[in-house]
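Some notes on the structure that comes next.
Numbers here are sequence positions counted from 1. What you see is a predicted model, and the numbers here were worked out from it, not measured in a lab.
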Amino acid sequence: MKAAENGKSDGLRVLLAGDTTLDPLARLLERSADAPAVTTSVAPYGQVYQILLDGGHSAWAFKPNVLVVWTAPHLTLPSVEKLIRFEGESVTAMFEAALGEAEQFADAVVQAATRTGLVIVPTWVLPSHERWIQTLAWRKGFGVANLLARANLILAEKFSASPSITLLDAGYWQAALARPSYDPRMYAVAKILYSHALFEKAAAEMKAVLRASLGHTKKVVVCDLDNTLWGGVAGDDGRDKIKLSASDAVGECFHGFQKALKGLRARGILLTICSKNDEAFALSVIDEHPAMVLRKSDFVAWRINWKDKAENLLSMAEELNLGIDSFVFLDDSPQERDQVRQLLPRVFTPDLPTSPSDLAPFVSSLTCFETTGLGKEDFDRADMYRAERGRKEALDISGDVDNWLRSLQIEVRATPLRRENLARAAQLLNKTNQFNLSLRRLDEKTLWDWAAEPCNSAYVFNVSDRFGDFGLTGLASLTLLGPEAKIVDFVMSCRVMGKKIEEALLGYTLAQAQAAGADRVTAPPADGPRNGPARDFFTAKFSTGTAIDPMRVGVPSLINLTDKN
């Protein structure tokens, strides 16, 4: 099935290479309803090294932008098979030889990574039916379990210098299955080593990684209260009678669910509340019940009222300045879930488990929060949004936008792209959808190499105000084409939209173009499904098909911009 036949246009071409037959995985990836749509090609069976080392191999004619290299350790590392069967003269020698083979494999993958955009490599795991001597399995320099752990660490260390290579935990896939992971019968018949259940799990996890690479990560959890965040109905049962305490089996389950949500918050996922309840009473339960894991300060927004929940979700999306497609709605009521699915189909609304004991495992297993990296901005995100609530309260008090902006004391620090800010800059480029001029997605190495070309330049922007530090929230890049410059990237976090910061960033970027000798600047916006704010901003600033004089746009006086060039 081709990507176009799915009605999707992500244009991902995935080449699968392995030492066993991977055609079932290719079919699952193509036929899956989960985004993104992909077109696959399965490389010739058993030619892993030839494909990795030879850029002229026929498999590369497919021109993949994603390469999956899935190998089994006992098939790709000959000394592992010998160690399992005790075929060599010395166990220690086989152990060391296998580690050397792992290094050679890792080097070959790194070489292949220069020819494609993203490389996915599952870790090495022995078939579950391969029981080795348990008392010796982890013995240093001897056991198979010890060997595979060291071999996988070699992969992790070798790949760490190549941001485009992603090492996936295949051991988790195997452990997560209730059914067999391997199919000895199909391996004998068609060299299909893995079971259908394992292929399904692998396809789902790979799709999650591909979504993250495209910036399609969910950012907000919207949680109901009664019989979702705690057991029982607080308004009817009373605050002290809800099921939440560790002394109660059901309460322990909801306590664990809250801990799982707290873990999401800690890594940058925003928590919100949407509940039909009395606001003052519900918030008192959250802040005063002794067994609550989550407190009011853990939530960046809430709608606790008797209004329609779909309406409340739209209201919160507007408040947080985030697309509704970045929301996940968790509610115990099938009726509420059905309404949100019908009215807001872009919100991810999963069915919750009926047993409270399954809530924590369920939320921990969701793949929609997959990400390509975590930085300081992620860990500080909830605090940043809480500070934003303070800014909006200040606007309500002042009543005048200019006075409010002046009171915020906004500081913007412009800096050239450097090694120390490269990781965050690439993350911002790849995860931002709304205020993103070109929707260009580049890994760290490609972005750095592009910016290092003589005709190109890139700048990053850190923003702060009296309420706190937003961190690195802006990126702009230019390419000089004689007397004309083109703004290639102009990316800004939604957290700083609507404060004339985009005007300041544009004014600085145009000044840099003028300083480089350009007298005309163009900035053609991409026509993406979610970058309307950037498209509208640049359409208003740049007449269609024309350029702009850099002198026409300056930095607003309400913004204090400093150049750290």
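Using a 4.0 Å cut-off between charged side-chain N and carboxylate O, Lys259 and Glu252 make no salt bridge. Ion pair Lys309/Asp224 flagged as a salt bridge, since at least one NZ, NE, NH1 or NH2 atom sits closer than 4.0 Å to an Asp/Glu carboxylate oxygen. Residues Arg265 and Asp298 are paired through a salt bridge, judged by an N-O separation under 4.0 Å between the basic side chain and the carboxylate. Between Lys207 and Asp34 there is no salt bridge, since no side-chain N of the basic residue sits under 4.0 Å from a carboxylate O of the acidic one. Salt bridge status for Asp351 with Arg341: present, with a side-chain N to carboxylate O gap under 4.0 Å. A salt bridge links Glu288 to Arg239: at least one charged side-chain nitrogen sits closer than 4.0 Å to a carboxylate oxygen.
Taking all atoms of both residues into account, the shortest heavy-atom contact from Gln258 to Leu244 is NE2-CD1, 3.4 Å. Contact record, Ala360 with Ala260: O-CB, 4.2 Å, taken as the closest heavy-atom pair. Taking every heavy atom of both residues into account, Cys223 and Leu229 meet most closely at SG-CD1, 3.8 Å. Here the shortest heavy-atom pairing between Ala523 and Ile487 reads CB-CB, 4.0 Å.
In the model, Thr116 has no side-chain atom that pairs as donor or acceptor with a side-chain atom of Asn65 under 3.5 Å. Using modelled atom types and a 3.5 Å distance limit, the side chains of Thr446 and Asp443 yield a donor-acceptor pair. Between the side chains of Ser355 and Ser357, a donor-acceptor pair is found at a separation under 3.5 Å. Side chains of Trp173 and Asp169: no donor on one and acceptor on the other come within 3.5 Å. With no hydrogens or angles considered, a side-chain donor-acceptor pair links Asn560 and Glu411 at under 3.5 Å.
Atom CD of residue Glu318 and atom CD1 of residue Ile324 lie 10.5 Å apart, to the nearest 0.5 angstrom. If you take OG1 on Thr509 and CG on Leu475, they are separated by 9.0 Å, rounding to the nearest 0.5 Å.
Using a distance-only test at 3.5 Å, with no hydrogens or angles considered, no donor-acceptor pair links the side chain of Arg303 to the main chain of Cys274. With Asp469 contributing its side chain and Gly471 its backbone, the two residues share a donor-acceptor pair below 3.5 Å. Between the side chain of Asn305 and the backbone N or O of Glu279, no donor-acceptor pair lies under 3.5 Å. Side-chain atoms of Gln409 never come within 3.5 Å of backbone atoms of Arg466 as a donor-acceptor pair (strictly under, hydrogens ignored). Although no hydrogens or angles enter the test, the distance criterion places a donor-acceptor pair under 3.5 Å between the side chain of Thr539 and the main chain of Arg535. Panel note: side chain Asp287, backbone Leu283; no donor-acceptor pair is recorded below 3.5 Å. At distances below 3.5 Å, not a single donor-acceptor pair connects side-chain atoms of Ser364 with backbone N or O atoms of Pro361. Remark: side-chain polar atoms of Arg337 are paired, donor with acceptor, to backbone N or O of Asp331 under 3.5 angstrom. For the pair Thr272 (side chain) and Val221 (backbone), a donor-acceptor distance under 3.5 Å is present. Counting only distance, with no hydrogens or angles, the side chain of Asn531 and the backbone of Gly528 share a donor-acceptor pair below 3.5 Å.
With a 6.0 Å radius and a threshold of 12 heavy atoms from other residues, nucleotides or ligands, Lys243 has its NZ atom at or below the threshold. Within a 6.0 Å sphere centred on NZ of Lys241, heavy atoms belonging to other residues, nucleotides or ligands number 12 at most.
Applying the side-chain contact (heavy atoms from CB on, under 4.5 Å) rule to Glu420 yields the partners Arg418; only residues at least two apart in sequence or on another chain are considered. Applying the side-chain contact (heavy atoms from CB on, under 4.5 Å) criterion to Lys218, with sequence neighbours excluded, gives Val328, Phe348, Cys368, Phe369. Legend: residues meeting side-chain contact (heavy atoms from CB on, under 4.5 Å) with Asp489, ordered by chain and number and at least two apart, are Leu429, Ser438, Arg440, Ser477.
Taking the six-membered ring where the residue is Trp, Phe435 and Phe490 present tilted rings, their angle falling between 30° and 60°.
A distance of 6.0 Å or more separates the ring centres of Phe257 and Phe362.
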